[in-house]
Structure formats: structure tokens, C-alpha cells
Peer 1: 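This is the structure, below, for whatever I ask next.
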Protein chains: 2
Amino acid sequence: MHKLTSKQKSILDFIANFGNEYSYPPTLKEIGEKFRITIGTVQDHIKALQNKGYLERRKDIARGFRVVKSDEENQKERIKSQLNVIPLYGNVAAGEPIFADDNVQGYVTMEKNLKGHKIHFALKVKGDSMIDSGIYDGDIVIVRKQDSAEDGEIVIALLDDEATVKTLRNRRIKAYLEASNSKYKSIINKPFKIIGKVIELRRDYNII
Amino acid sequence: MHKLTSKQKSILDFIANFGNEYSYPPTLKEIGEKFRITIGTVQDHIKALQNKGYLERRKDIARGFRVVKSDEENQKERIKSQLNVIPLYGNVAAGEPIFADDNVQGYVTMEKNLKGHKIHFALKVKGDSMIDSGIYDGDIVIVRKQDSAEDGEIVIALLDDEATVKTLRNRRIKAYLEASNSKYKSIINKPFKIIGKVIELRRDYNII
DNA sequence: AATTTATGCATAGATTAATATGGCATAATT
DNA sequence: AATTATGCCATATTAATCTATGCATAAATT
């Protein structure tokens with residue numbers, strides 16, 4: 001891959017980070033002012049960056065830049081910008097509305113895109129009924145809201161008006177919820193409602 | 001706070017999300033085309049959004065929009081700004097330098113502050129030797145670099161030039177590494193070096 | 001030595017985009 | 001009933017921005 005000159009790199013960085021302060025890319029003129037060079041010179045640099053594949057640009061479009069590649073720092077910034085901040089709900093007591101604002105204990109960040117653009121939330125796991133699936137008391141599960149799931153998927157279900165983490169069993173005549181702990185029996189004869197599917201697990205170890 | 005009409009809200013959303021596809025805000029004309037209204041009408045809507053405090057705009061600046069976010073949005077932004085982007089290393093083969101750039105498989109974000117300001121990295125777990133501690137093959141552990149740890153803490157240790165996840169046992173005469181799986185024996189008579197301590201666990205469930 | 005690349009200047013012209021006005025109709029609010 | 005806000009159009013003007021072109025020099029490359 002073509003390497004950038006230091007001048008080109010600093011211009012690329014400028015373009016990439018301009019949006020942190022404003023919310024739009026710079027114009028040629030603004031770039032020129034920053035580096036005390038004329039527009040014509042800026043054109044040349046831009047052209048070089050395009051040729052080297054670091055920058056895309058829409059013709060005749062004001063501020064029509066798009067940074068394709070960039071250095072590591074910029075990549076990190078971009079990762080940050082693609083994060084989703086989702087609410088973390090605590091233990092939901094029976095009868096309480098699950099998604100009440102009062103229940104928000106904090107916020108968790110997750111990478112979006114990969115996991116579809118549906119609505120997500122996080123939930124703190126209570127109890128050890130899923131221990132054989134490696135989900136422990138106090139773990140945090142990230143959940144995608146949906147009202148159905150496949151056999152074997154770990155779901156959040158509403159049971160007796162309480163949110164609970166279980167494995168969904170869906171293969172026979174009737175769907176039921178299965179605990180991943182031999183101490184617990186599967187829940188077969190109670191009605192339940194699936195509210196989401198677990199897509200990620202987080203566990204914090206206590207730090208001294 | 002003034003409430004938005006549905007028209008105003010959809011225009012605000014359009015402006016806010018335009019940058020997801022491009023990397024710059026739209027022009028008045030582009031907004032107009034989207035909603036099949038003329039520029040003059042767009043002007044009116046923009047003015048309304050500005051008056052209500054949802055949108056800022058630079059005079060005479062092409063695409064000079066800036067969506068002013070609600071309180072909730074701002075809080076999320078603040079959370080994002082306190083994130084740390086750390087490298088994710090893959091399985092480190094014997095003899096290879098652990099922190100080589102070539103081994104970086106991606107990046108993971110973590111909330112900083114809480115966990116000290118030391119240097120962190122992430123590692124993909126290979127094998128099932130920690131299964132009884134709820135750490136599975138393919139899980140990602142977030143590690144804080146340090147060269148010692150307390151009894152019972154889960155550490156990343158360098159053993160035969162390979163990075164491995166184990167529980168540190170440190171209570172008797174001699175420290176040793178313990179697997180969390182009855183199939184595996186503890187590693188007592190080999191020299192090892194602690195390179196970090198596991199502070200967080202992440203597990204992705206496959207999404208359909 | 002010749003060529004290419006990077007860096008720079010200057011300027012005219014074309015195009016894009018924002019602004020300024022004025023007018024009209026309807027719904028919501030006072 | 002009067003006022004205000006909303007929602008819409010049309011057009012002329014000004015400002016911002018991009019493009020095209022030619023020229024110059026030093027450094028790196030062939």
C-alpha cells in the first residue's frame with residue numbers, strides 16, 4: 001500500500017478529526033487556512049490522498065469527503081463513533097414494568113452494525129439457574145428485543161411478570177424454558193412471553 | 001422544551017442520520033428532495049428546529065448543520081468519551097511475541113476509569129480449561145497488564161512461551177496455575193510468568 | 001541526466017448552496 | 001376573532017465552494 005508523506009498524513013488527520021469538533025467535513029479553503037497553503041495546493045494533496053486510496057470524495061459536493069483509511073488513532077475514533085449506548089436494567093421485580101426509566105441502573109456500550117439495527121438493552125442476571133451455560137449470578141447479558149426465538153437460544157422471558165434468563169426449548173409440541181443447572185427443573189406448564197434474545201455476555205471481575 | 005411536530009422530527013432525524021451513509025450533513029436541497037418539498041419550505045422547517053433548540057447551524061456554511069442532542073443523548077456521548085479502545089489479540093502461538101501488531105485481530109471497547117489507568121488488552125480464549133469458572137472456548141477476556149496477582153485471581157500467564165488463562169494459586173510455599181476443569185491437572189512444576197489479570201469477560205452468541 | 005513526485009502559488013470560471021422576499025392556506029392557540 | 005405557528009410554493013440574489021489550468025521548485029526515483 002502507498003505510504004503517505006507527513007504532509008499528506010497531517011491533512012488526512014485534519015479531515016478525519018474535523019468532524020469531532022464540527023459535525024461536517026472541512027472545505028478545501030478551510031484545509032488551506034489550517035495549513036497556510038492555497039486552495040490549489042490543497043487540491044493537489046487531496047488528489048494524492050485519493051490516488052493512494054485514503055480518501056474518497058464526491059465531485060462538486062461541498063465538504064464531500066469521506067476518510068477511507070487512516071492511522072490507528074483515527075480507526076479507534078471511528079470505532080467509538082459506531083458504538084451504541086444501551087440501558088442496563090437491574091433486577092426486575094415481579095409486576096414492575098420492565099423498561100421503566102426508574103429501572104435503568106446504568107449504561108453499557110456495544111458495537112452496533114454487526115448485530116442488526118434492532119433495539120437492544122442490557123440486563124443484570126440474578127441467580128444461578130444458567131450456571132451450566134456459563135452464565136453466572138451478577139453477569140450482564142445484552143439482549144436484542146424480539147418476541148420469538150429458535151430452539152436452544154438463550155432468551156429473556158417474562159414469567160409470572162418477572163424477567164428471567166433461560167434456554168428456549170422449541171422442538172416438540174410445546175415450547176418451554178429450560179434452566180442450565182441440574183438443580184432447577186425446566187419450566188413446562190407455565191405460560192411465558194419471550195421479550196428478547198441474549199446476544200452477548202459480560203462479566204466483571206472485582207478489581208482491587 | 002418545545003415539542004416537535006412530526007414533520008420537524010422526521011427532518012431532524014434525516015439530518016442526524018444522513019451522516020451514517022455519507023460523512024457529511026445534507027444540503028437544504030437534498031432535504032427538500034427527500035421530502036418532496038421546496039427549498040423555501042425546508043428553510044422554514046430548519047428555522048423552526050433552530051428556534052426550538054434542536055438544531056444549530058452555521059450561517060452561509062454549506063452543510064453546516066449540527067444536531068443538538070437531547071439530555072439523554074448527551075449522557076450517552078459522555079459515556080462514549082470515557083471509553084478505551086484496546087487491541088484484541090488472537091491465539092498466541094508458542095514463541096511468538098504476544099503484543100505484536102500482526103496479532104491484533106480487532107479492537108474492543110471498555111469503560112475506563114473504574115478499572116485503573118493501566119494498560120489493557122483483550123485476548124480470545126482457546127480451549128476449555130476454564131470451563132468450570134464459566135470461561136468458554138471463544139470467549140474474550142479483557143486483561144490488565146500486571147506481573148503479579150493474588151491467590152484465586154484469574155490471570156494470563158506465559159507458559160512455554162504461550163499465553164494461557166488460568167487461576168492463580170498463591171497460598172502455599174509455591175505459586176502455581178490451576179485449571180477450572182476437572183479434566184485438566186494443575187500446572188505446578190513449570191515456571192511461568194504472569195502478564196496480566198482478567199478483569200472482564202465477554203461472550204458473543206451467534207446471531208442469525 | 002531525465003523523470004516523477006511532492007509541494008507550492010495564482011486566478012478565472014463553473015457550480016453548488018444558502019439567503020432574502022413575498023405570498024397563500026390551514027390548524028392551533030390566545 | 002385575532003394571532004401565531006405550521007406547512008407549502010416560487011424566484012432572484014449573494015456567497016460559498018469546487019474545478020481547471022498553468023507555472024515553479026526541490027527532492028526523490030529511475
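Reminder, nothing fancy here: chain letters follow the sequence lines and each chain counts from 1.
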Peer 1: Tell me the interatomic distance from A:Phe18, atom CZ, to D:dT17, atom C1', rounded to whole angstroms.
Peer 2: 14 Å

Peer 1: Taking the nucleotide of DNA chain D with the closest heavy atom to each, which residue, B:His45 or B:Ile61, is nearer the 5' end?
Peer 2: B:His45

Peer 1: Nearest nucleotide by nearest heavy atom, which residue falls closer to the 5' end of DNA chain C, B:Lys47 or B:Gly64?
Peer 2: B:Gly64

Peer 1: Considering only residues two or more places apart or on different chains, which pairs with a residue in residues 16-27 of chain B satisfy salt bridge (charged side-chain N to carboxylate O under 4.0 Å, His left out)?
Peer 2: none

Peer 1: Going 5' to 3' along DNA chain C, which are the first and last nucleotides with any atom under 4.0 Å from a heavy atom of chain A?
Peer 2: C:dA6 to C:dA17

Peer 1: Tell me the interatomic distance from A:Ile46, atom CD1, to D:dT19, atom P, rounded to whole angstroms.
Peer 2: 10 Å

Peer 1: Output the rounded distance in Å from NZ (B:Lys52) to P (D:dT4).
Peer 2: 16 Å

Peer 1: So what does A:Thr5 touch, heavy atoms closer than 4.0 Å: a base, only the sugar-phosphate, or nothing?
Peer 2: sugar-phosphate

Peer 1: Can you list, in residue-number order, the parts of residues 23-33 of chain B that come under 4.0 Å of DNA chain C, counting heavy atoms only?
Peer 2: B:Thr27, B:Leu28

Peer 1: How many whole angstroms separate atom CG of B:Asn51 from atom P of D:dT4?
Peer 2: 14 Å

Peer 1: Testing the 3.5 Å rule here: is there a donor-acceptor pair between the side chains of A:Thr164 and A:Lys166?
Peer 2: yes

Peer 1: Is there a side-chain polar atom (N or O) of B:Thr41 under 4.0 Å from OP1 or OP2 of D:dC8?
Peer 2: no

Peer 1: Would you kindly compare B:Arg36 and B:Ala62 by the position of their nearest DNA chain D nucleotide and give the one closer to the 5′ end?
Peer 2: B:Arg36

Peer 1: Can you tell me the distance, in whole Å, between the CD atom of B:Gln50 and the C1' atom of D:dA5?
Peer 2: 16 Å

Peer 1: Determine the sole option in B:Leu158, B:Ile156, B:Leu159 for which the side chain to side chain contact (heavy atoms under 4.5 Å, CB included) test with B:Lys193 is passed.
Peer 2: B:Leu158

Peer 1: Out of the candidates A:Thr41, A:Leu12, A:Ile15, only one should pair with A:Ile46 under the side chain to side chain contact (heavy atoms under 4.5 Å, CB included) rule; please name it.
Peer 2: A:Ile15

Peer 1: Do A:Asp147 and A:Ile195 come close enough that some side-chain heavy atom pair is under 4.5 Å?
Peer 2: no

Peer 1: Under a 4.0 Å threshold between the charged nitrogen and the carboxylate oxygen, would A:Lys197 count as salt-bridged to A:Glu150?
Peer 2: no

Peer 1: Using a strict 4.0 Å threshold on nitrogen-to-oxygen distance, state whether A:Arg169 and A:Asp151 make a salt bridge.
Peer 2: yes

Peer 1: D:dT19, OP1 or OP2 - any side-chain N/O from A:Gln43 closer than 4.0 Å?
Peer 2: no

Peer 1: Whole-Å distance between D:dT17 C1' and A:Ile39 CD1?
Peer 2: 8 Å

Peer 1: Does A:Phe192 have its ring centroid less than 6.0 Å away from the ring centroid of A:Tyr176?
Peer 2: no

Peer 1: Tell me: CD of B:Gln8 to C1' of D:dG7, nearest whole Å?
Peer 2: 10 Å

Peer 1: By the 4.0 Å heavy-atom rule, please label A:Arg58 as base, sugar-phosphate, or nothing.
Peer 2: nothing

Peer 1: Quick check with a 6.0 Å cut-off and a 45 degree axis cone: is B:Arg66 positioned over the face of A:Tyr22's six-membered ring?
Peer 2: no

Peer 1: Using a heavy-atom cut-off of 4.0 Å across all strands, would you classify A:Asp60 as base, sugar-phosphate, or nothing?
Peer 2: sugar-phosphate

Peer 1: Looking at B:Ser129, is its backbone amide N or carbonyl O close enough to the side chain of B:Asn181 to form a donor-acceptor pair, meaning the two atoms are under 3.5 Å apart?
Peer 2: no

Peer 1: Please report, rounded to the nearest Å, how far the C1' atom of D:dT6 is from the CG atom of B:Leu49.
Peer 2: 12 Å

